[in-house]
Structures are given as C-alpha cells and as structure tokens.
Amino acid sequence: MTDVLLELKSVGATIAGTEILSDISVTVERGQSIGLVGETGSGKSMACRLMSGMIRHVGGSIIRGQIQFEGRDVTQLSEKGWRQLRGSRIGYIAQNSLSSLNPVMTVGSQLREAIHLQRDRALPWSDECQLLEMVEMAQPKIVADSYPHQLSGGMRQRVAIALGIAGAPDLLIADEPTTALDVTIQKEILDLLSRLTASSGMSLVLVSHDLSLVAEVCEHVNVLYAGTTVEFGSVGEVMGSPAHAYTAALLGAMPGLATAGHRLTAIPGAPPDPRAWPVGCRFAPRCEFAQPLCCERLPQLMDVTADHQSRCVRMEEKPWLTAR
C-alpha cells in the first residue's frame, strides 16, 4: 500500500464561471502533518473543500487536474461516494466553531449522531463522553449536556475537534482551528492536535495564515498564493531557505524572526482579483525582485531539492536571501 494518502495534482476549480484555483498541488503521506499557509484569499479554504469533496457545496467545479485518495482517482466521485469517505476516512474541522455547531442541539446529541453514523465500524470510543475525554475536555458529562452557546471559544473548538475525529479518520483537515482564540488557547489547541495525530497515526492538514503556528505542528508546508501552490517542502527547508519571493515576504513579516532595530517587512499591494489573474507569476506585481520574464507566463512547479519545490523562476539566485 502506498504511503501517499491524499494527492492533489495541479487541480484547477471554478465558482460561477470564475477560476478561483488554477494549480493546487498537495501531497499528504500517512501519518504526516502538513500546513497550508497564505494570505486571506490565497485559496486555503477552497483547497480544503477540494480535499474533502465539498467544492460542489459552494457551487464549485473542478476543471483540470486530479485528486487521488490512496491511489484511487476521486476527482469525479459522486456526493454519495464522498459521504463514504467523509467522517470515516477524512475528518474536517471548520474555521468557525460557533457557526459549525448546531445551536439547537446539545453537544452530546451532535457527537452521538456522528458516532452513530459509524455504527458499522469499531471505534476507539463508544459514547460522547469518551470522545470528549479524547480531546482532553474537563467535565465531559456537563459539556455533553450543554448547548454550544453555553461554552467558551476554546471549549467549542475542542468540541469541533471531537466531531472531526468522531469517525477515527485517516486524515484530519483543520481549517484555521485557532481563529479568534487568544494566544494561550491557541497553544492548547495546537498541542492537542499534535498529541492526537501522534497517538493515532492520523495525517493532518493544518490551514493557517501564520507560518510560525504551522512550524510548531507540521513537518511540511505548502505555501499558496492567488489560487496556486507557489512553494512546498519541509518546514526546515522552506523557512530556512525559501525558494519563492512570496514565501520570503511572509517570513519577513513574522515578528518572531524580526531583528532588533529593524522594521517588519510589509508586502505592498494586495492579492489579484480572480476575475483578472495576471498572465505571468501572480506575485510579480507585488514582488521587488520581479523581472520581465516573470510576467510572461505562470511558471511550473520546479524541484529545488528532492523534498522542496518552487514556482519562482529566480529560485536558483534567491536574491531575497541576499537582501535580508
């Protein structure tokens, strides 16, 4: 059996006739944790919808590329087929825990429903309280009898994680699971995800706009910009020697990497409108290192090393490293 669990190969997708994703490539191996990072509008959440078969739920359709799960092509899988994968094989944690939980059902009722859907499978838990204990929830019985609005943000996020793992999936997709949480709770949630994946062997796709958060949890990182994968590789290689100017710009904006006495780097401008994608490199209009060649065509992903790819035509020169 292949070690590759899920693979997106140069996938493009449209919504209402507008191409929102042009070339998304993601590889997730068994037991691997990878991060998807990029600014708002880069395509992170849409990539998650591709991985979970929910792109159709927002009126989207795949126009090119291929999605494989365990080597099987699921690109044109029916909704019924995706339902057989979601929950049992692919778990999902939505970005907003309050809106993703049913406000008129108790937490316990929602978890029991999720467990019941897997009634034909042997699970590591038999009831909602055991599941809440798995996500290290204090007083699980009281929480199970509560409604979502009666819980704090951190508690709701743990419930969302419990729903995501209720079917003991092979892959857990976490779409910005620490949004709107304070720093202390963020750390608790990230540590919890790390422990869950380590103890179960489950693969994790963690979505964030913060490279430092991804570096704490993930082994590999996939950098997205304007509907494309612009760089992919191990966290150490990507953060230590970025091969794309956009990745370098994101790193330059991280407070944790700032040098005393120097201003943080701000990326000028804004991401392009999907209705008018640039012809060449989509970051070129904002890139201080852009050359005429960059504006001629969208570059392909190219190997930097065996475990590192980039879409930048200047990746061998890496002028941004010299400019640091």
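Just so you know, residue 1 is the first one in the sequence shown, and it goes up from there.
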Next on the checklist: Taking L204 as the starting point, is it possible to reach L171 by hopping between hydrophobic residues whose side chains are less than 4.5 Å apart?
Outcome noted: no
Next on the checklist: Any non-hydrogen side-chain atom of L6 less than 4.5 Å from a side-chain atom of I67?
Outcome noted: yes
Item to check | Flag, side chain of Q95 to backbone of E176, donor-acceptor distance under 3.5 Å | outcome: no
Next on the checklist: Would the distance check show the side chain of S22 and the main-chain N or O of G12 forming a donor-acceptor pair, the cut-off being under 3.5 Å?
Outcome noted: no
Checklist entry - Looking at E70, Q66, R72, which one forms a side-chain contact (heavy atoms from CB on, under 4.5 Å) with Q68? => result Q66
Next on the checklist: Is there a side chain to side chain contact (heavy atoms under 4.5 Å, CB included) between K187 and E216? Walk through the geometry before answering.
Outcome noted: CA-CA 9 Å; K187 182 71 165 60; E216 288 184 34; 3.8 Å; yes
Item to check | Pairs touching residues 96-107 that satisfy side chain to side chain donor-acceptor pair (under 3.5 Å), sequence neighbours left out | outcome: T106-S109
Checklist entry - What pair of heavy atoms forms the shortest contact from I24 to G227, and how long is it? => result CD1-O, 3.5 Å
Checklist entry - Tell me, do Q309 and S25 make a side-chain contact under 4.5 Å, heavy atoms counted? => result no
Checklist entry - Does any N or O in the side chain of E7 come within less than 3.5 Å of the main-chain N or O of T27, such that one atom is a donor and the other an acceptor? => result no
Next on the checklist: Are the side chains of R89 and P169 in contact, using a 4.5 Å heavy-atom criterion?
Outcome noted: no
Checklist entry - Any side-chain heavy atom of Q157 sitting closer than 4.5 Å to one from P177? => result yes
Item to check | Flag, side chain of K44 to backbone of G38, donor-acceptor distance under 3.5 Å | outcome: yes
Item to check | Backbone of M137 reached by a side-chain donor or acceptor of R158 within 3.5 Å | outcome: no
Checklist outcome for this item: What one should report as the nearest heavy-atom pair of P278 and P272 is CD-CB, 3.7 Å
Item to check | CA sep, side-chain torsions, deciding dist, call: R314, L293, side chain to side chain contact (heavy atoms under 4.5 Å, CB included) | outcome: CA-CA 10 Å; R314 302 195 66 186; L293 176 64; over 6 Å; no
Checklist entry - Where do V214 and S208 come nearest, in terms of heavy atoms and distance? => result CG2-CB, 3.9 Å
Item to check | Shortest non-hydrogen contact from S241 toward K318 | outcome: OG-NZ, 2.7 Å
Checklist entry - Any sub-3.5 Å donor-acceptor pair from T228's side-chain atoms to V230's backbone N or O? => result no
Checklist entry - Is a side-chain N or O of S78 found less than 3.5 angstrom from the main chain of G81, in a donor-acceptor match? => result yes
Checklist entry - For the residue pair Y225 and Y246, does the interplanar ring angle fall in the parallel (under 30°), tilted (30 to 60°) or perpendicular (over 60°) class? => result tilted
Item to check | Donor-acceptor contact below 3.5 Å, side chain E231 vs main chain H244 | outcome: yes
Next on the checklist: Quick one, S212 with D210, criterion side chain to side chain donor-acceptor pair (under 3.5 Å). Give me CA distance, side-chain angles, the key distance, then yes/no.
Outcome noted: CA-CA 5 Å; S212 61; D210 189 337; 2.4 Å; yes
Checklist entry - Does T14 reach the side chain of S61, with side-chain heavy atoms less than 4.5 Å apart? => result yes
Next on the checklist: If we ignore hydrogens and angles and just use 3.5 Å, is the side chain of R311 paired with the main-chain N or O of T229 as donor and acceptor?
Outcome noted: yes
Next on the checklist: Can a donor-acceptor pair be found, under 3.5 Å and without considering hydrogens, that links the side chain of D127 to the backbone of Q130?
Outcome noted: yes
Checklist entry - Got W320 and T247 here, is their nearest side-chain heavy-atom distance under 4.5 Å? => result no
Next on the checklist: I'd like to know if D3 and R30 make a salt bridge, using a cut-off of under 4.0 Å between side-chain N and carboxylate O.
Outcome noted: no
Next on the checklist: Can you give me the closest heavy-atom contact between A245 and C287, atom names plus distance?
Outcome noted: CB-SG, 3.5 Å
Distance-only donor-acceptor pairs under 3.5 Å for side chains of residues 48-56, two or more places apart:
{"from": "S52", "atom 1": "OG", "to": "C48", "atom 2": "O", "distance (Å)": "2.9"}
{"from": "R56", "atom 1": "NH1", "to": "L77", "atom 2": "O", "distance (Å)": "2.9"}
{"from": "R56", "atom 1": "NH2", "to": "L77", "atom 2": "O", "distance (Å)": "2.4"}

Item to check | V11 and T75: CA distance, side-chain angles, deciding distance, side chain to side chain contact (heavy atoms under 4.5 Å, CB included) verdict | outcome: CA-CA 9 Å; V11 180; T75 312; over 6 Å; no
Checklist entry - Do R112 and M105 come within less than 4.5 Å of each other through their side chains, counting heavy atoms only? => result no
Item to check | Steps toward side chain to side chain contact (heavy atoms under 4.5 Å, CB included) verdict (L250, M254) | outcome: CA-CA 7 Å; L250 289 180; M254 288 173 55; over 6 Å; no
Checklist entry - Would you call L163 and L101 a side-chain contact if the rule is heavy atoms closer than 4.5 Å? => result yes
